[in-house]
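In what follows, a single structure is set out as structure tokens and then discussed.
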Amino acid sequence: MGKFWVIFVASISILLPFLCNSFSPETPTDRRVLVLLDDLAVKSSHSSYFNSLKLRGFDLDFKLTDDPKIALQRYGQYLYDALILFCPSVERFGGSVDVAAIINFVDSGHDLIIAADVNASDLIREIATECGVDFDEDPSAMVIDHTGYAVSETEGDHTLIASDDFIKSDVIIGSKKIEAPVLFQGIGHSLNPVNSLVLKVLSASPSAYSANPLSKLSTPPSLTGSAISLVSVVQARNNARILITGSLSMFSNRFFRSGVQKSGSSTKYEKSGNEQFLTELSKWIFHERGHLKAVNVKHHKVGETDESALYRINDELEYSVEIYEWSGTSWEPYVTDDVQVQFYMMSPYVLKTLSNDKKGLYSASFKVPDVYGVFQFKVEYQKLGYTSLSLSKQIPVRPYRHNEYERFIPTAYPYYGAAFSTMAGFFIFSFVHLYNK
């Protein structure tokens, strides 16, 4: 029995550093990523994408989907901070991984990339549905575009699409313009209208549709035009990020290096936009961009520095908070003009836009309303592409004490005068009445 405990403690001491090596809010990119493949050949055929992650400091752990030792957590601790599913045809994962485990992984604040193709299994489709997108139900359907297809060094039919309909967001796909179209070959998906958190990042053109490319259309396709999403992202309410696409090929070395010319265009690009697009998008997915943190939340009376335990009605107070954005290597001041603070009780009594000093400090001064009760300082900041900030602190507000009111209120002077005149008249009348007696 003694030997058993020695072995157990030794095992825990060896495993503990790995169990603790997880996502840190202070260094969001020091992270381990599990990559699940249904064919080890993908590791070499998609090496350019994987190498771009490694060069940015990610530790990639490659495993086959049928590996019986696959696990996302051990002893109640997650072993990885992100999961990449480059296994479109997987029917069942090995080890302890299943749909519920993956959804719990995301619900715990971890990131996910799903790349499917025409061989997408029911398992991959189910995971995508749980994340808010629905792949075309026809298993033989692909996205076809007879006017937006790619004329490139890569031979193919009109299922090889060159798309440049990107989301208008610098924080999600980077501020540098993606000059070349992105090559896509695979299955399209639609967004679940009930899920407001999912966004189209790369859309098909109005002339695209989803159907079996080897057969004639007998019925109208279920997915058509710009309603077809080629690449979508989700930022969950817990700030976990998800990327979903129906093309595993778009991550491949072949698509990264292919020259491309969009049909109807006279411009031919030596290289597709895939590498730039997916590299910049993965920076957002893995919180290298658009990741905010708020620190040093303070409030106090104007002219003081110590935080008050409560305020009195009509007090002048000041609220401040520091907000920073992760640049991939360090925290930099976040500069914007749309952060607001609410002084809230049932509804906002005060709504004030915070001014900033361009160094990360946001502040505002205002007067406490002439209402007493339990208030909250609230900052609810949500902006496309950025992690949301939700700050709140409760504070009581009291009325004046009886000895804190002004002895004479200036606005009441006319009433005081009238009262004085009345009293003076009463005393004169009384004196005259007594004198006459």
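The shown structure was predicted, so the numbers you read here are calculated from the model rather than taken from an experiment. Excluded from the calculations below are hydrogen atoms, water molecules and symmetry mates; all remaining heavy atoms, backbone and side chain alike, are included.
Classification of the Phe86-His46 ring pair by plane angle, with boundaries at 30° and 60°, yields tilted. Relative ring orientation between Trp331 and His291 is described as tilted, the plane-to-plane angle lying within the 30° to 60° band.
Residue Ser282 is tested with Arg56, Arg241, Glu288 for a side chain to side chain donor-acceptor pair (under 3.5 Å); the sole match is Arg56. With Phe277 as the partner, the ring pair (Phe, Tyr, Trp, His ring centres under 6.0 Å) test is satisfied by one option alone out of Phe166, Phe184, Phe256, Phe251: Phe166. Under the side-chain contact (heavy atoms from CB on, under 4.5 Å) rule, Leu112 has a single partner from Leu243, Val234, Val106, which is Val106.
The structure places CG of Asp61 at 9.0 Å from CG of Leu36, a figure rounded to the nearest 0.5 Å. One finds the CG atom of Asn212 at 3.5 Å from the OG atom of Ser140 (value rounded to the nearest 0.5 Å). Residue Phe343 holds its CZ atom at 4.5 Å from CZ of Phe377, rounded to the nearest 0.5 Å. Once rounded to the nearest 0.5 Å, the distance linking CG of Asp66 with CD of Glu91 reads 12.5 Å. Between Ser232 atom OG and Lys200 atom NZ the span is 8.0 Å, to the nearest 0.5 Å. A distance of 9.0 Å separates OG of Ser320 from CG of Leu354, quoted to the nearest 0.5 Å.
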Given the rule in the side chain to side chain contact (heavy atoms under 4.5 Å, CB included) test, do Ser252 and Tyr49 qualify, once you have shown the distances and angles that lead to the verdict?
CA-CA 7 Å; Ser252 68; Tyr49 178 71; over 6 Å; no
Tell me, with the steps shown, if Leu292 and Trp326 meet side chain to side chain contact (heavy atoms under 4.5 Å, CB included).
CA-CA 7 Å; Leu292 304 178; Trp326 183 249; over 6 Å; no
Determine, step by step, whether Gln382 and Ser388 satisfy the side chain to side chain donor-acceptor pair (under 3.5 Å) criterion, reporting the C-alpha distance in whole Å, the side-chain angles of both residues, the deciding distance to 0.1 Å, and the verdict.
CA-CA 5 Å; Gln382 295 182 349; Ser388 58; 4.9 Å; no
Criterion side chain to side chain contact (heavy atoms under 4.5 Å, CB included) on Ile187 and Val143, from CA distance to verdict
CA-CA 6 Å; Ile187 57 177; Val143 181; 5.7 Å; no
Would His299 and Tyr311 count as a side chain to side chain donor-acceptor pair (under 3.5 Å) here? Give the steps.
CA-CA 11 Å; His299 59 84; Tyr311 292 104; 2.7 Å; yes
Using the rule given for side chain to side chain donor-acceptor pair (under 3.5 Å), can you reason through Thr65 versus Asp38, listing the C-alpha separation, both sets of side-chain angles and the distance that settles it, and then say yes or no?
CA-CA 6 Å; Thr65 54; Asp38 50 18; over 6 Å; no
Stepwise side chain to side chain donor-acceptor pair (under 3.5 Å) test for Gln185 and Ser249:
CA-CA 7 Å; Gln185 189 171 43; Ser249 301; 5.1 Å; no
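Atom OH of Tyr324 has more than 12 heavy atoms from other residues, nucleotides or ligands within 6.0 Å. Counting heavy atoms of neighbouring residues, nucleotides and ligands inside a 6.0 Å radius, atom CD of Glu137 does not exceed 12 of them. Heavy atoms from other residues, nucleotides or ligands lying under 6.0 Å from NZ of Lys378 number more than 12.
In terms of heavy-atom proximity, Phe286 sits nearest to Asp111 at CA-OD2, 4.1 Å. Between Ala71 and Leu79, the shortest heavy-atom contact is O-CD1, 3.8 Å. What you find for Leu199 and Ile172 is that their closest heavy atoms are CD1-CD1, 4.4 Å. Contact record, Leu248 with Asp117: N-CB, 4.5 Å, taken as the closest heavy-atom pair. The two atoms that bring Asn314 and Tyr400 nearest to each other are ND2-OH, 3.5 Å, heavy atoms only. Considering every non-hydrogen atom in both Ser207 and Asp145, the closest pair reads OG-OD1, 2.6 Å.
Sorted by first and then second residue, the pairs that involve residues 348-365 and meet side-chain hydrogen bond (donor to acceptor under 3.5 Å, both in side chains), not counting sequence neighbours, are Gln340-Thr353. For residues 118-151, the set of pairs meeting the ring pair (Phe, Tyr, Trp, His ring centres under 6.0 Å) definition, not counting sequence neighbours, comprises Phe135-His189, His146-His158, His146-Tyr209, Tyr149-His158.
Using a cut-off of 4.0 Å between Lys/Arg side-chain N and Asp/Glu carboxylate O, Arg289 and Glu280 are scored as salt-bridged. The pair Asp164-Lys262 meets the salt-bridge criterion, with a side-chain N (NZ, NE, NH1 or NH2) lying under 4.0 Å from an Asp/Glu carboxylate O. The pair Lys393-Glu307 meets the salt-bridge criterion, since a charged nitrogen lies less than 4.0 angstrom from a carboxylate oxygen. We find that Lys383 and Asp338 are joined by a salt bridge, their nearest charged nitrogen and carboxylate oxygen being less than 4.0 Å apart. The existence of a salt bridge linking Arg125 and Asp134 is excluded, since no basic side-chain nitrogen approaches an acidic carboxylate oxygen closer than 4.0 Å.
Ring centers of Tyr80 and His110: at least 6.0 Å apart, outside the cut-off.
Under the rule for a side-chain contact (heavy atoms from CB on, under 4.5 Å), the partners of Ser45 that lie at least two apart in sequence or sit in another chain are Val42.
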